[in-house]
Amino acid sequence: MTTIPSELAGHPVIIGGGVAGLMTALRLAPRPVVLLSKAPLGMEASSPWAQGGLAAALGDDDDPALHLADTLGAGDELCDADIAGRIVRAAPAAIEALSQFGVAFDRTADGALSLGLEAAHSRRRIVRAGGDGAGRELMRALIAAVRRTPTITIIEGIEARRLLVEDNAITGVLAAGPAGPIVFTTQRVVLATGGVGGLFLDTTNPEASFGQGLALAGRAGAELRDLEFIQFHPTALDGPDLPMKLISEAVRGEGAVVVDETGRRFLADEPGAELAPRDVVARGIWRRMIDGHRVFLDARERPGADFARRFPAIAGFCRAAGIDPAVQPIPIRPAAHYHMGGVAVDTAGRSSVAGLWACGEVASTGLHGANRLASNSLTEAIVCANWVAESVGGTFAGRARKPVLMNLPPPPDPSFVRPIMSRGVGLLRDDEGLREAARALLALSSRHGAASDPATVGLMIAVMALRRQESRGAHARVDFPRRFPVARRATLRLANAIAAAREIDVPTLPAAQRA
Ligand SMILES: Cc1cc2nc3c(=O)[nH]c(=O)nc-3n(C[C@H](O)[C@H](O)[C@H](O)COP(=O)(O)OP(=O)(O)OC[C@H]3O[C@@H](n4cnc5c(N)ncnc54)[C@H](O)[C@@H]3O)c2cc1C
C-alpha cells in the first residue's frame with residue numbers, strides 16, 4: 001500500500017544527501033524541508049570521497065578574475081562566462097560560510113588557510129582539510145549541522161523513483177521505502193543526486209551514482225544540457241578495488257610524474273605536461289595503454305618520503321594494495337569521474353519544469369563547460385546551494401495538488417549498462433561505437449526493467465555524444481578530431497533522445513551544431 005505522509009505535505013523535498021543536498025537544506029533553514037537520501041547520510045555519495053578540496057581565489061597573489069580565466073580555459077569555450085564569474089566571485093565567502101558551519105580546513109602556523117595547487121590552476125587556491133580528506137571533513141560538519149537543525153526532516157533509506165508532474169509542474173515524488181511505495185505531495189523538489197560514474201566499469205564514483213537524477217528529470221520532461229561531457233580522471237589506482245581509488249591531482253601538483261613501465265615520462269612534451277587539463281592527461285595515458293604499455297604515477301622523488309604525511313588517505317589505500325608510493329611507482333588508469341553536463345538550470349538552479357531545481361553534480365549551471373577545472377565542483381555545489389535555497393524559499397508553493405499515482409518502478413540496476421557505456425561512450429568515441437551503444441541502450445531503456453533508468457541516462461548521453469560531431473574538452477571523437485569554430489552548448493529532452501535513437505540506422509543523425 002502506498003504511504004502518503006500528510007504531515008510533510010507541501011514542504012520542499014531535496015533528493016540527495018551529498019554536499020549539495022545538505023547545504024541546500026541548511027540554507028533553507030529555518031523553513032521546513034524534507035531531505036531524502038537512498039543511503040544513510042555520508043554513504044554512497046561522492047562528496048565524502050573528495051580529496052583535493054574547494055577552489056577559491058584567497059591567496060595574496062590571486063583574484064577571482066584569475067580563477068575565472070582558468071575555469072574558462074579548462075571549459076574549452078563552452079562555459080557560461082557570466083555564471084562562472086558569479087560562482088568564482090562567491091567562492092571565498094562560501095569557504096567562510098563553511099568554516100562557520102564547523103568545517104576544519106587546513107591552516108598554516110599563523111592561522112591562514114593553507115592553499116594547494118592542482119592541475120590547470122595558475123595559482124595555489126585549493127582549500128583543503130585533513131590533507132587529502134576535504135570531502136570527509138565537509139560531510140562530517142554538514143551532517144552534524146543538519147542533524148541538529150530541527151526544521152530539516154531527514155529520511156534515510158528512501159529512493160526517489162519518479163517525479164510526479166502535471167502540466168509541466170511538479171506535484172510530488174514517488175519513492176521506495178522499506179515498507180513499500182511512499183508519495184511525497186509537494187510542488188517544490190530539488191534534485192541533488194550526484195554524478196554518472198556508476199554507468200561505467202572503471203569509475204571513481206560510488207557504484208550507486210549512475211545518474212538517477214537525470215532519469216527522474218528526463219522522465220519528468222526537463223531539459224538536459226551537454227550530457228556528452230564526462231570527465232575521466234587520469235590517475236585512478238589500477239588495483240583490485242571497485243570503485244577505483246583516486247590519486248588526487250594534488251599529488252601531481254606536488255611534483256609526481258607520469259611514466260610508463262620503461263620509466264619514460266611520455267607526457268613531458270605536452271604543454272603543461274602532467275599538469276595539463278585532465279582530459280589531455282587522461283587521453284595521453286589512455287593512448288599509451290592502447291599501445292600496450294602500463295602506466296604509473298611516480299611520486300618517489302616528489303613528494304617522496306613526505307608522501308604519507310601529505311596524503312595520508314591515498315598512502316593508506318596504496319599500502320592496502322601493497323604499494324608504498326615513497327619507494328614504488330603507483331599503477332594508474334583513467335576512470336569516469338565527473339559529469340559536467342546535467343539538468344539545464346538557470347542561475348537560481350531552476351529547471352524547465354516548474355517546481356524542479358537541481359544543485360551539485362546533477363545540475364548543468366554553465367560553470368564547467370566542456371571540462372571541469374579541478375576542485376571547482378564542491379565550490380559550485382556550496383555556492384549554488386545558497387541561490388537554490390533562496391529561490392525555493394521565495395517560490396510560492398500554492399495549494400498542494402493531489403498527485404496522480406503510478407506504479408512503483410523496479411529497483412534500478414546499472415550492471416548491464418556498464419559494459420555498453422564503457423565500450424561505446426568512453427574516453428575516445430566514434431560514430432560506429434556510439435550508434436551501437438545507443439541501439440543497445442534504447443532496447444534496455446524501453447523494457448521497463450531494472451536496467452531501464454540507467455539505460456535511459458546512458459541513451460541520452462550517447463545521443464548527445466553522437467550529435468556533437470567535434471572534439472572539445474572531455475568529449476573526444478576520433479572521427480571528428482577538430483573543434484567547431486564556434487562553441488555551442490546543446491540541450492535535449494528524453495523524448496528527442498528516444499526519437500533520435502529510433503532513427504539510428506539512418507546513415508547520419510542530424511548534427512545539433514555544425515561549423
Ligand atoms: C573520489 C572523488 C574525489 C573527488 N575530489 C574532489 C575534489 O577534491 N574537489 C571537488 O571539487 N570535487 C571533487 N570530486 C567531485 C565532487 O566530490 C562531487 O562532484 C560532489 O561531491 C557531488 O556532490 P553532490 O552532492 O552533487 O552528489 P553526491 O555527493 O554524490 O550525493 C548524491 C546523493 O544523492 C543520493 N541519491 C541519488 N539518487 C537518489 C535517489 N533516487 N533517491 C534518493 N537519494 C538519491 C545519494 O545517496 C547521495 O546521498 C571528487 C569526486 C570523487 C568521486
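We count ligands from 1, going down the list as the structure has it; atoms in each ligand are counted the same way.
For ligand 1, the polar-atom distance check against K38 finds a nitrogen or oxygen pair separated by under 3.5 Å. Considering backbone and side-chain N/O of G17, one or more are found under 3.5 Å from N/O of ligand 1. Looking at G52 next to ligand 1, an N or O pair under 3.5 Å apart turns up. At a 3.5 angstrom cut-off on N or O pairs, A160 counts as close to ligand 1. The shortest N/O to N/O separation between N205 and ligand 1 does not fall below 3.5 Å.
For the pair R372 and ligand 1, a heavy-atom separation below 4.0 Å is found. Remark: distances from the non-hydrogen atoms of I158 to ligand 1 include one below 4.0 Å. Within the structure, the closest approach of A192 to ligand 1 falls below 4.0 Å when heavy atoms are considered. Taking a 4.0 Å cut-off on heavy atoms, V362 fails to register as neighbouring ligand 1. Not close to ligand 1: A381, with no non-hydrogen atom less than 4.0 angstrom away.
For ligand 1, the atoms sitting less than 4.0 Å from at least one non-hydrogen atom of W49 are 1 (C), 2 (C), 3 (C), numbered in the order shown with element in parentheses. Atom numbering of ligand 1 starts at 1 in the shown order; those under 4.0 Å from a heavy atom of A20 are 25 (O), 26 (O). Each of the following atoms of ligand 1 lies closer than 4.0 Å to a heavy atom of G18: 25 (O), 29 (O), 31 (O), 33 (C), 49 (O). Below 4.0 Å from some heavy atom of L246 lie the following atoms of ligand 1, by number and element: 1 (C), 2 (C), 3 (C). Residue G360 has at least one heavy-atom neighbour below 4.0 Å for each of these atoms of ligand 1: 26 (O).
Atom CE of M43 has 12 or fewer heavy atoms from other residues, nucleotides or ligands within 6.0 Å. Counting non-hydrogen atoms of other residues, nucleotides and ligands closer than 6.0 Å to CZ of R107 gives a total above 12.
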Audit row: H233, M244, side-chain contact (heavy atoms from CB on, under 4.5 Å) steps and yes/no: CA-CA 11 Å; H233 199 288; M244 296 168 80; over 6 Å; no

Verdict with reasoning, F101 to M23, per side-chain contact (heavy atoms from CB on, under 4.5 Å): CA-CA 10 Å; F101 279 117; M23 200 65 189; 3.5 Å; yes

Derivation of the salt bridge (Lys or Arg N to Asp or Glu O under 4.0 Å) call for R372 and E249: CA-CA 13 Å; R372 174 187 68 132; E249 208 112 54; over 6 Å; no

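Proximity annotation for atom 46 (C) of ligand 1: of E44, E159, M139, K245, E44 comes nearest, heavy atoms only. Of the options S377, G53, A215, the smallest heavy-atom separation from atom 9 (N) of ligand 1 is shown by G53. Taking each of H337, Q51, R162, H339 in turn, the one with a heavy atom nearest to atom 2 (C) of ligand 1 proves to be H337.
With respect to the salt-bridge test (charged N to carboxylate O, under 4.0 angstrom), the residues D279 and R283 qualify. The pair E223-R225 does not meet the salt-bridge criterion, since no charged nitrogen lies less than 4.0 angstrom from a carboxylate oxygen.
Judged by distance alone, the side chains of R219 and S452 do bring a donor and an acceptor atom under 3.5 Å apart.
By the 30° and 60° cut-offs, the orientation of the rings of H121 relative to H67 is tilted.
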